[in-house]
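Worksheet: one structure, shown below.
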There are 4 protein chains.
Amino acid sequence: MPKDTFFNLSEEKKQKIMEAALKEFEQNDYDAASINQIVINSGISKGSFYQYFQDKKDLYIYLMNLMVEKKLKYITPAMMNPFEHSFFEVIREMNQSGLMFARENPQYMKIGTRLLKDQNSDIYKEIMAQNQDQAYEVYEQLLQHAIAKGEVRNDIDVKLTARIIFTISADLVSSNSELIAETWPENLIQQLEKVMALIQHGIANPK
Amino acid sequence: MPKDTFFNLSEEKKQKIMEAALKEFEQNDYDAASINQIVINSGISKGSFYQYFQDKKDLYIYLMNLMVEKKLKYITPAMMNPFEHSFFEVIREMNQSGLMFARENPQYMKIGTRLLKDQNSDIYKEIMAQNQDQAYEVYEQLLQHAIAKGEVRNDIDVKLTARIIFTISADLVSSNSELIAETWPENLIQQLEKVMALIQHGIANPK
Amino acid sequence: MPKDTFFNLSEEKKQKIMEAALKEFEQNDYDAASINQIVINSGISKGSFYQYFQDKKDLYIYLMNLMVEKKLKYITPAMMNPFEHSFFEVIREMNQSGLMFARENPQYMKIGTRLLKDQNSDIYKEIMAQNQDQAYEVYEQLLQHAIAKGEVRNDIDVKLTARIIFTISADLVSSNSELIAETWPENLIQQLEKVMALIQHGIANPK
Amino acid sequence: MPKDTFFNLSEEKKQKIMEAALKEFEQNDYDAASINQIVINSGISKGSFYQYFQDKKDLYIYLMNLMVEKKLKYITPAMMNPFEHSFFEVIREMNQSGLMFARENPQYMKIGTRLLKDQNSDIYKEIMAQNQDQAYEVYEQLLQHAIAKGEVRNDIDVKLTARIIFTISADLVSSNSELIAETWPENLIQQLEKVMALIQHGIANPK
DNA sequence: AATGAATGAGCGTTCATTCAT
DNA sequence: TATGAATGAACGCTCATTCAT
């Protein structure tokens with residue numbers, strides 16, 4: 001957690017620091033990101049940085065928590081009680097919420113994507129230790145339930161399929177990361193529908 | 001490209017250098033990889049390194065080109081004349097060849113996977129600029145042809161689907177990157193079949 | 001000297017600051033001790049610290065003066081009129097008082113011991129410049145008098161012997177600095193007697 | 001151990017570096033000593049320093065090993081077979097050798113003295129782990145043997161006495177550390193004799 | 001062709017102290 | 001009087017690259 005000194009700063013200053021931090025972590029992974037660059041770009045002194053944050057990790061984890069917080073705003077009813085809704089509806093909404101989040105928070109999305117790609121790093125393990133819900137295990141449970149309900153074919157490999165859906169979903173969001181912010185929501189939804197169609201064709205129980 | 005001085009070296013020396021480089025780039029991403037470690041592990045002097053290679057990038061790109069070259073050896077007949085074979089057969093073989101390559105060249109595979117994860121980096125862009133065939137554009141053409149032949153449903157989004165197949169394929173290889181070398185080929189093939197089943201269900205023309 | 005602002009503080013606040021300072025200087029030598037830690041642990045602001053004290057040195061020297069003041073409380077009659085008592089009695093009491101002081105003021109004792117170890121440092125010189133009485137010159141005078149009285153052999157080197165007695169005494173206190181607070185007074189006295197026996201054997205006039 | 005690169009340097013350059021290092025560690029304890037100062041004073045770049053030495057500790061331990069090596073030159077026959085000689089003769093020679101070493105290697109002596117004073121530091125523990133002979137346990141064994149032989153009174157506390165002799169000896173060497181190099185050997189020997197007289201009077205078996 | 005010494009910018013981090021409010 | 005934000009130099013250490021020999 002940043003120190004009180006950070007939260008006591010003027011909104012404007014906090015803003016400048018966060019912008020500089022987002023930019024740096026968006027363009028570099030955790031190790032490569034430079035505190036030096038952040039302090040230069042935000043116009044504060046190095047000494048000040050360490051009065052606001054414990055260390056580099058403190059800032060990074062704060063950013064990640066902000067991201068999680070922001071993501072929560074995109075949660076839909078079906079995502080909150082996933083087992084009471086159709087499987088395909090649930091993952092459609094998960095993806096949709098992911099897309100909307102990415103559209104409106106492209107920098108956070110990029111940082112998150114970066115982290116997801118560095119699953120061997122210490123920082124990844126540390127963050128995921130407190131944020132387990134993010135990983136693809138969720139999909140496994142949903143799939144299992146969906147098979148039991150007869151929504152999904154029972155000859156699939158649950159683990160493998162969960163992983164694939166997770167991968168596709170992540171890719172859907174990060175694929176056109178530069179463009180996503182400028183794309184019309186309608187177009188994104190269209191893309192999403194196509195992806196959903198693929199998945200549905202791929203695993204839905206033909207009855 | 002490495003300088004002539006490198007190619008004039010004894011096979012043995014070249015070998016040692018390449019081994020050290022592979023090891024270093026396997027364990028670290030481009031930025032984090034250390035020339036220091038490479039020269040130490042290969043027993044050459046710092047000065048020699050810079051007489052063999054322009055710089056770090058030169059070595060890295062050379063490695064990547066070697067990887068492409070090695071991958072070629074796994075090409076099957078269906079991959080060479082892809083338009084004369086069934087679409088699903090072709091991508092099955094592409095994936096199979098990818099898996100076999102990974103099995104027998106785990107270091108190259110890891111380096112390649114690393115690169116794929118940092119698609120924003122300068123180095124990625126530079127490499128992909130000269131190696132377009134590797135990217136997912138290939139799948140686009142195959143898909144178009146497959147639709148024309150009636151193998152694949154014509155209501156799919158070609159670009160999107162190509163990307164998804166590419167992503168799934170890459171993930172199939174990298175998912176168990178540590179285990180892949182010790183896994184029986186039969187098991188890998190089994191996984192592959194499951195993935196293929198998904199794709200086929202997803203996009204095959206039901207006739 | 002601390003500024004007036006310090007002495008005007010509530011007893012409670014002064015107390016908290018002194019506790020934090022003692023703790024910090026007990027655990028770190030002068031250079032390594034951190035003002036940051038002291039202000040955090042005493043709950044005052046950085047700015048306040050510099051309104052109470054000139055600087056780090058000001059606080060440290062104040063602490064040292066307090067120590068001297070506290071030591072005075074352990075002075076015995078024989079120590080006040082040393083020339084009217086037996087030499088060995090006097091130094092026995094000096095050591096005993098030193099041990100008792102250490103037992104009841106372990107933090108001050110540790111800080112003092114730390115200082116004694118860095119006799120080359122600027123801070124040491126500065127403190128000893130104003131506190132000469134603490135040093136081993138005292139022993140010289142006592143020894144001279146004892147020789148005149150015939151208590152001590154007249155073939156010893158006064159300066160050297162004074163220094164040795166001083167060193168042994170300091171060592172007696174600091175040797176078991178961690179344990180001293182938990183050791184029974186009786187045991188400490190026993191140790192003291194052994195040391196006194198050594199000294200006495202070493203320099204007493206055999207008559 | 002310093003790297004080969006260091007040993008390959010010109011004698012002159014090595015000299016300059018060692019001089020700067022000795023000076024820095026003579027004036028500051030391990031933590032306070034600054035690599036920056038050392039590189040400035042020896043006229044090399046920071047990068048070069050780390051090509052010669054693993055890190056700060058590497059240089060320091062190298063210095064300490066040099067010191068031990070240099071000390072060995074002062075060892076006398078009685079010190080090599082201490083149990084075959086009179087106890088007082090042995091410790092006289094130990095102290096004499098210590099004095100001579102200090103006279104001719106005042107910087108090393110100061111650094112060693114510094115270390116001895118910082119027995120809680122990590123670096124002390126690390127160095128003493130490989131150099132156990134330095135500590136005062138040696139005196140315990142010698143004392144025990146001397147008591148058995150009847151040279152020393154049997155009513156002394158061995159542990160305490162060993163510690164005191166060690167302390168006195170160390171102090172004898174470090175006491176006039178600045179002056180020792182300019183003092184005539186004869187005067188040093190005289191001082192030593194006086195100290196020996198004290199000790200002998202203090203613990204020798206009177207018959 | 002081969003060497004390896006030399007470099008200096010960069011890293012994250014800590015510090016005592018100042019000063020406007 | 002009290003605050004706490006701001007500072008910048010210093011710390012140990014790593015790096016890719018250059019260049020004289």
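Sequence lines set the chain letters: A, B, ... in the order given, protein chains first and strands last, and positions in each chain run from 1.
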Open item on the list: Can you measure Gln37(A) atom CD to dC11(E) atom C1' for me and round it to whole angstrom units?
Closed with: 12 Å
Open item on the list: What's the closest nucleotide to the side chain of Ser48(C) if the choices are dG8(F), dA2(F), dT3(E)?
Closed with: dA2(F)
Open item on the list: I'd like to know whether NZ of Lys23(B) has more than 12 heavy-atom contacts from other residues, nucleotides or ligands below 6.0 angstrom.
Closed with: no
- [ ] Give Tyr52(C) one of three labels, base, sugar-phosphate or nothing, depending on what nucleic acid heavy atoms sit under 4.0 Å from its own.
- [x] sugar-phosphate
TODO: For Ala32(B), report the nucleic acid contact type (base, sugar-phosphate, nothing); a contact means any heavy atom under 4.0 Å.
DONE: nothing
Task: Under 4.0 angstrom between Ser45(C) side-chain N/O and dT3(F) OP1 or OP2 - done: yes
Open item on the list: Checking base pairs now: Watson-Crick or wobble, both atom distances under 3.5 Å. What partners dA2(F)?
Closed with: dT21(E)
Open item on the list: I need the CG-P distance between Asn8(D) and dA20(F), as an integer number of Å.
Closed with: 21 Å
Open item on the list: Please report the distance, rounded to the nearest Å, between NZ in Lys13(B) and P in dA2(E).
Closed with: 5 Å
TODO: Would you mind reading off the distance between Asp29(A) atom CG and dG12(E) atom P, rounded to a whole angstrom?
DONE: 12 Å
TODO: Check every strand shown and say whether Ile44(C) touches a base, only sugar-phosphate, or nothing at a heavy-atom separation below 4.0 Å.
DONE: nothing
TODO: Drop me the distance from Asn36(C)'s CG to Glu24(C)'s CD, to the nearest 0.5 angstrom.
DONE: 9.5 Å
TODO: Among dT13(E), dA16(E), dC11(F), find the nucleotide with the atom closest to the side chain of Ser34(D).
DONE: dC11(F)
Task: Rounded distance (Å) that lies between atom P of dT14(E) and atom NZ of Lys56(A) - done: 14 Å
- [ ] For the pair Tyr62(A) and Phe6(A), name the ring-plane relationship: parallel under 30°, tilted 30 to 60°, perpendicular over 60°.
- [x] perpendicular
Task: Proximal nucleotide (of dT13(E), dA16(F), dG12(F)) relative to the Tyr50(D) side chain - done: dG12(F)
Open item on the list: Ring of Phe7(A), cation from Lys14(A) - is the NZ or CZ under 6.0 Å from the centre and inside 45° of the axis?
Closed with: no
Open item on the list: Nearest whole Å is fine: how far is dA2(E) P from Lys46(B) NZ?
Closed with: 18 Å
Task: Whole-Å distance separating the CD1 atom of Ile35(B) from the P atom of dT3(E) - done: 16 Å
Task: Residue Gln51(B), side-chain heavy atoms: nucleotide from dA2(E), dT3(F), dT7(E) that is nearest - done: dA2(E)
Open item on the list: Using the rule ring-ring contact (aromatic ring centres under 6.0 Å, His included), only one of Phe53(B), Tyr124(B), Phe25(B) pairs with Tyr60(B); which is it?
Closed with: Phe25(B)
TODO: Please report, rounded to the nearest Å, how far the C1' atom of dT18(E) is from the CD atom of Gln54(C).
DONE: 14 Å
- [ ] Would you indicate which nucleotide in dT17(E), dG10(E), dA5(E) comes nearest to any side-chain atom of Asn36(A)?
- [x] dG10(E)
Open item on the list: Tell me which nucleotide, if any, is Watson-Crick or G-U wobble paired with dG8(E) when both distances must be under 3.5 Å.
Closed with: dC15(F)
Open item on the list: Which is more 5' along DNA chain F, the nucleotide nearest Phe49(A) or the one nearest Gly47(B)? Just name the residue.
Closed with: Phe49(A)
